[in-house]
Amino acid sequence: MKFFKLTLLWIPAFAGMTLGMGGYCMAQNSSDTIQIYDAATNTVVVSQKVVKSDAEWKKELTPEGYEVMRHEGTEPPFNNPYFDNHRKGIYKCASCGLDLFSSDDKYDSGTGWPSFVRPINKLNVATKEDDSLGMVRIEVYCPRCGAHLGHVFDDGPPPTGKRFCMNSAALKFVEQK
């Protein structure tokens, strides 16, 4: 039998919305729930998707973060905070805080962007085909808030052979002591 932890705070004034941890507006509809992996508790939990208007995202995110995460932009290689980060910790979604990647799975791909062999859990990333820029790639996005994170390629090292090439602007690094 599986048990899921669901932490929500209901505030009637938000009619149909739930205000979760950190002030994120989350959809109340049960079809807007997803299963995610919580690295802190090492469990799978049920979470509400984070739903915000474009104006809310623009107000809350940095200009570069907004362009990358909400408009599928790409930051410059080698000129971003995490491509050469070697500290131990967890990389989270900069929009909603979802655990995405562990520093244990990060490697130097030589591309100038932070690269990982796998996500922290397959539940915590979503993918779709991206045929922009005249090529077909696989986009990686956050399943909880829909933020564009980067792309995944089949040219990575063992054990997965994958290269999850992410934008630093879409990530928030939390160092582990």
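Note: hydrogens, waters and symmetry copies are ignored here, and every other heavy atom, side chains too, is used.
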Self-check item: Inter- and intrachain pairs under side-chain hydrogen bond (donor to acceptor under 3.5 Å, both in side chains), touching residues 117-127, at least two apart
Solution: D105-R118
Quiz item: Which heavy atom of D130 sits nearest a heavy atom of S132, and at what distance?
Solution: OD1-OG, 2.7 Å
Quiz item: Between K49 and D32, is there a salt bridge with N-O shorter than 4.0 Å?
Solution: no
Quiz item: With a 4.5 Å heavy-atom cut-off, do P143 and L123 have their side chains touching?
Solution: no
Quiz item: Atom CD of E75 and atom CG of N167: how far apart are they, to the nearest 0.5 Å?
Solution: 4.5 Å
Exercise. Apply side chain to side chain contact (heavy atoms under 4.5 Å, CB included) to the pair S95 and C142, showing each step before the final yes or no.
Key: CA-CA 9 Å; S95 287; C142 177; over 6 Å; no
Self-check item: Donor-acceptor pair, side chain of S109 and main chain of Y107, under 3.5 angstrom
Solution: no
Quiz item: Under 3.5 Å, side chain of E64 to main-chain N/O of A169, donor-acceptor pair present?
Solution: no
Quiz item: Can you tell me how far the CG atom of N85 sits from the OG atom of S103, to the nearest 0.5 Å?
Solution: 8.0 Å
Quiz item: What pair of heavy atoms forms the shortest contact from C165 to T111, and how long is it?
Solution: SG-OG1, 4.0 Å
Quiz item: Does anything in residues 154-164 pair up under side-chain hydrogen bond (donor to acceptor under 3.5 Å, both in side chains), and if so which pairs, sequence neighbours excluded?
Solution: D154-K162, D155-R163
Practice problem: Measure up the Y82 and F173 rings against each other and bin them: parallel (under 30°), tilted (30 to 60°), perpendicular (over 60°). | Solution: tilted
Quiz item: Do we get K128 above Y141's six-membered ring, with its NZ or CZ under 6.0 Å from the centre and within 45° of the axis?
Solution: yes
Quiz item: Hey, which of E72, E139, H71, R70 is the one that makes side-chain hydrogen bond (donor to acceptor under 3.5 Å, both in side chains) with H148?
Solution: E139
Practice problem: Determine the minimum heavy-atom distance between G110 and F78, stating which atoms define it. | Solution: O-CZ, 3.4 Å
Quiz prompt | Residue pair Y37 / N42, side-chain donor-acceptor N/O under 3.5 Å | solution = yes
Quiz item: Checking K52 side chain against E60 main chain: does a donor-acceptor pair fall under 3.5 Å?
Solution: no
Quiz item: Can you tell me how far the CE atom of M166 sits from the CG atom of L149, to the nearest 0.5 Å?
Solution: 6.0 Å
Practice problem: Using the six-membered ring wherever Trp is involved, compare the ring planes of H151 and F153 and label them parallel, tilted or perpendicular (cut-offs 30° and 60°). | Solution: tilted
Practice problem: Following the transitive rule for hydrophobic clusters with a side-chain heavy-atom cut-off under 4.5 Å over Ile, Leu, Val, Met, Phe, Trp and Tyr, establish whether F116 and V152 coincide in one cluster. | Solution: yes
Quiz prompt | Full working for side chain to side chain contact (heavy atoms under 4.5 Å, CB included) between V50 and W57 | solution = CA-CA 11 Å; V50 176; W57 286 122; 3.9 Å; yes
Quiz item: Do N80 and P114 have side-chain heavy atoms sitting under 4.5 Å apart?
Solution: yes
Quiz item: Once you round to the nearest 0.5 Å, how far does OG of S115 lie from CG of D108?
Solution: 8.0 Å
Exercise. Hey, could you give me the CD1/SG distance between I36 and C93, rounded to the nearest 0.5 Å?
Key: 11.0 Å
Practice problem: Check each of K92, K172, R144 against D99 using the salt bridge (Lys or Arg N to Asp or Glu O under 4.0 Å) test, and report the only one that passes. | Solution: K92
Quiz item: With the 4.5 Å side-chain cut-off for hydrophobic clustering, are V117 and I90 part of the same group?
Solution: no
Exercise. Check each of K177, Q176, E175 against K88 using the side chain to side chain contact (heavy atoms under 4.5 Å, CB included) test, and report the only one that passes.
Key: Q176
Exercise. May I ask whether I120 and Y91 are part of the same hydrophobic cluster, defined by side-chain heavy atoms of I, L, V, M, F, W, Y residues being less than 4.5 angstrom apart, directly or through others?
Key: no
Self-check item: Joint cluster assignment, W113 & V68, ILVMFWY side-chain distance < 4.5 Å
Solution: no
Quiz item: Would a hydrophobic clustering, with Ile, Leu, Val, Met, Phe, Trp and Tyr connected at side-chain separations under 4.5 Å, put I34 with V140?
Solution: yes
